[in-house]
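See structure below.
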Amino acid sequence: MSDSNAKSASRGERRSGFQVGRILGFPLRLSVSWVFMSLLITVLYANRLGEILHLDGAARYLAGLGFVACLLLSVLLHELGHALTARHYGIGVKGITLDLLGGYTEFEHDSPRPGVELATALAGPAVSALLGIGSVIATVLLPNGTIVDQLAFQLALCNIIVAVYNALPGWPLDGGRALRAAVWGIKGDRDAGLLVAGWSGRIVAVATVLVAVWLYFAGWYDVIGVVFGLFVAFSIWQGAAGAVMTARVRSRYPLIDPVRLARPLFTVPAGTSLAEATRRAAEAGHTDSVLGVADPDGKLIALVVPEAAAAVPDQRRPWITVETLARGIDAVATIPSSARGADVVKLLRGDPATPYLVVDGENVVGVLTVMDVVQVLDPAALKAAS
């Protein structure tokens with residue numbers, strides 16, 4: 001199986017394994033799981049080929065290694081289909097990784113429009129289908145009962161399965177990305193497409209389990225095949241659930257208005273104790289305000305970190321000055337009051353307790369933290385609902 005995911009800065013890195021070089025300018029990595037799977041396939045295929053062709057000893061395992069090498073090349077070509085298509089449309093590629101489930105390609109950013117998303121998603125399965133057809137032709141032309149004939153047959157089977165399975169319309173499969181592109185093109189909403197593809201991915205995951213169990217009782221799968229099928233289904237379910245969650249969170253982006261969410265700023269002179277600053281804020285009716293520190297001229301010079309202030313025990317508050325709990329104003333990031341939705345999320349990159357100044361030109365509108373935005377998005381409630 002293979003899937004290709006565009007990774008934005010907000011979703012973190014998926015990179016794993018170790019880099020083994022570059023292919024057509026793309027960094028190429030192998031994961032430890034791929035090494036394990038290669039060894040397993042070598043042993044299993046060596047035994048199978050040995051029984052079919054009556055091979056003994058080292059010949060069996062050399063044939064097994066040959067199959068793994070051809071399989072590695074097939075997966076790599078599949079991922080190159082994604083990567084080269086993305087490059088054609090100006091989408092940067094971070095690299096290609098081959099892992100337990102086949103491989104994945106990391107993009108610098110999402111596709112700019114549905115047509116590009118569709119072409120990039122289907123490029124991989126198209127390559128696998130062509131490899132499968134080519135292997136079928138080779139099987140027909142090669143003499144029966146030879147190692148190369150059996151290799152061609154197994155590669156035909158593997159590539160056709162990869163092409164068909166990856167084209168299924170469920171996230172995070174390539175067909176799921178194609179489904180997102182189709183819904184996006186029809187509705188004009190990328191996240192609506194992601195939600196549909198995520199739910200469809202859950203259906204594909206359940207269907208994978210049912211088919212794996214059916215193949216086992218039908219005698220086509222052994223226990224190892226069933227376990228692998230269950231692992232694939234679990235991985236798809238996780239990816240699909242993540243897609244549903246992401247789509248639901250993004251649907252609430254329009255609610256992110258930094259001016260409305262910002263807490264007011266209450267400024268006190270440097271040297272004021274935390275207890276006195278809190279008392280003054282309460283007296284002025286600013287109990288929810290963030291404390292600021294001003295110089296003798298009344299200029300804002302620092303911002304008290306709310307979590308740091310909350311962590312000070314009551315008995316110590318009269319002896320702790322506000323500036324000891326504050327961050328210099330030059331070190332405080334700002335968010336324009338005109339920013340909305342995803343633009344605000346992109347600007348929030350620090351510790352959840354880190355304060356940000358919401359500014360309108362030179363004027364400070366208020367103070368915002370990551371947690372203020374998280375409460376709007378409410379991922380915990382969304383996760384429970386999913």
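Just so you know, residue 1 is the first one in the sequence shown, and it goes up from there.
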Original post:
Under 3.5 Å, side chain of S251 to main-chain N/O of R248, donor-acceptor pair present?
Top reply: yes
Original post:
Would you say L40 and V223 are hydrophobically clustered, going by side-chain heavy atoms of ILVMFWY under 4.5 Å?
Top reply: no
**OP:** Test side-chain contact (heavy atoms from CB on, under 4.5 Å) on L195 and T246 and set out the steps.
**Re:** CA-CA 8 Å; L195 183 63; T246 298; over 6 Å; no
**OP:** Might you work through the side-chain contact (heavy atoms from CB on, under 4.5 Å) test for F234 and I236, ending with a clear yes or no?
**Re:** CA-CA 5 Å; F234 176 72; I236 292 175; over 6 Å; no
**OP:** Mark yes or no for whether R190, through its side chain, and S111, through its backbone, hold a donor-acceptor pair below 3.5 Å.
**Re:** yes
Original post:
Are L303 and F266 in one and the same hydrophobic cluster, where Ile, Leu, Val, Met, Phe, Trp and Tyr link if side-chain heavy atoms are under 4.5 Å apart?
Top reply: no
**OP:** Could you tell me the separation between the OH atom of Y61 and the OG1 atom of T42, rounded to the nearest 0.5 Å?
**Re:** 10.0 Å
**OP:** In sequence, state the C-alpha distance, the side-chain angles, and the governing distance for D222 and V226, and then conclude on side-chain contact (heavy atoms from CB on, under 4.5 Å).
**Re:** CA-CA 6 Å; D222 56 14; V226 173; over 6 Å; no
Subject >> Side-chain heavy-atom pair R22, L28 within 4.5 angstrom cut-off >> reply: no
**OP:** Mind running salt bridge (Lys or Arg N to Asp or Glu O under 4.0 Å) on R113 and E117 for me, showing each step along the way?
**Re:** CA-CA 6 Å; R113 55 186 184 276; E117 173 89 350; over 6 Å; no
Original post:
According to a 4.5 Å side-chain heavy-atom criterion applied to Ile, Leu, Val, Met, Phe, Trp and Tyr, with indirect links allowed, do F231 and L168 form part of one hydrophobic cluster?
Top reply: yes
**OP:** Locate the shortest heavy-atom distance separating I147 from A63; write the atom from each residue and the value.
**Re:** CG2-CB, 4.3 Å
**OP:** Indicate, with yes or no, if I91 and L80 share a hydrophobic cluster defined by side-chain heavy-atom contacts under 4.5 Å among Ile, Leu, Val, Met, Phe, Trp and Tyr.
**Re:** yes
Subject >> D191 and R250 ion-paired at < 4.0 Å >> reply: yes
**OP:** May I ask you to test the V322-S273 pair for a side-chain heavy-atom distance under 4.5 Å?
**Re:** no
Subject >> Backbone of K299 reached by a side-chain donor or acceptor of D297 within 3.5 Å >> reply: no
Subject >> R180/D110 salt bridge by N-O under 4.0 Å criterion >> reply: yes
Original post:
Between W171 and L122, is there a shared hydrophobic cluster once you connect ILVMFWY residues whose side-chain heavy atoms come closer than 4.5 Å?
Top reply: no
**OP:** Identify the two heavy atoms, one from A309 and one from L325, that lie closest to each other, and give their separation to 0.1 Å.
**Re:** CA-CD1, 4.0 Å
Subject >> side-chain contact (heavy atoms from CB on, under 4.5 Å) between V365 and L357, intermediate numbers included >> reply: CA-CA 8 Å; V365 176; L357 283 177; over 6 Å; no
**OP:** Locate the shortest heavy-atom distance separating G271 from E323; write the atom from each residue and the value.
**Re:** N-OE1, 2.9 Å
Original post:
How many angstroms lie between CG in D343 and OG in S338, if you round to the nearest 0.5 Å?
Top reply: 8.5 Å
Original post:
Rounded to the nearest 0.5 Å, what separation is found between the CG atom of L348 and the NZ atom of K346?
Top reply: 12.5 Å
Subject >> Shortest non-hydrogen contact from V344 toward P258 >> reply: CG2-CD, 3.9 Å
**OP:** Decide yes or no for V93 and E108: does some side-chain heavy atom of the first lie under 4.5 Å from some side-chain heavy atom of the second?
**Re:** no
Original post:
Quick one: CG on N144 to CZ on F153, what's the gap to the nearest 0.5 Å?
Top reply: 11.0 Å
Original post:
Of all heavy-atom pairs between A83 and I96, which one has the smallest distance, and what is that distance?
Top reply: CB-CD1, 4.1 Å
Original post:
Is the shortest heavy-atom distance from the side chain of L30 to the side chain of Q19 under 4.5 Å?
Top reply: no
**OP:** Would you kindly check if the NZ (Lys) or CZ (Arg) of R202 is within the cone defined by 45 degrees around the ring axis of W199 and under 6.0 Å from the six-membered ring centre?
**Re:** yes
Original post:
Are any side-chain N or O atoms of R252 and backbone N or O atoms of V376, one a donor and one an acceptor, separated by less than 3.5 Å?
Top reply: yes
Subject >> Audit row: E276, R279, salt bridge (Lys or Arg N to Asp or Glu O under 4.0 Å) steps and yes/no >> reply: CA-CA 5 Å; E276 176 62 16; R279 186 195 67 78; 2.7 Å; yes
Subject >> Side-chain donor or acceptor of T208 paired with backbone N/O of V204 under 3.5 Å >> reply: yes
Subject >> Closest non-hydrogen atom pair between Y216 and Y221, with its separation >> reply: CD1-O, 3.4 Å
Original post:
Any side-chain heavy-atom pair from V367 and V358 closer than 4.5 angstrom?
Top reply: no
Subject >> side chain to side chain donor-acceptor pair (under 3.5 Å), paired with H78, selected from D174, N159, N166 >> reply: D174
Original post:
Taking side chain as C-beta onward, heavy atoms only, is V345 less than 4.5 Å from Y253?
Top reply: yes
**OP:** With rounding to the nearest 0.5 Å, note down the distance linking OG in S128 to CD1 in I161.
**Re:** 11.5 Å
Original post:
For the atom pair OG1 (T369) and CD (Q375), what is the distance rounded to the nearest 0.5 Å?
Top reply: 7.5 Å
**OP:** Would you check if the side chain of D189 reaches a backbone N or O of A192 as a donor-acceptor pair within less than 3.5 Å?
**Re:** yes
Original post:
Does the side chain of V209 come within less than 4.5 Å of L230's, by heavy atoms?
Top reply: yes
Original post:
Going by heavy atoms in the side chains, are L274 and L291 under 4.5 Å from each other?
Top reply: yes
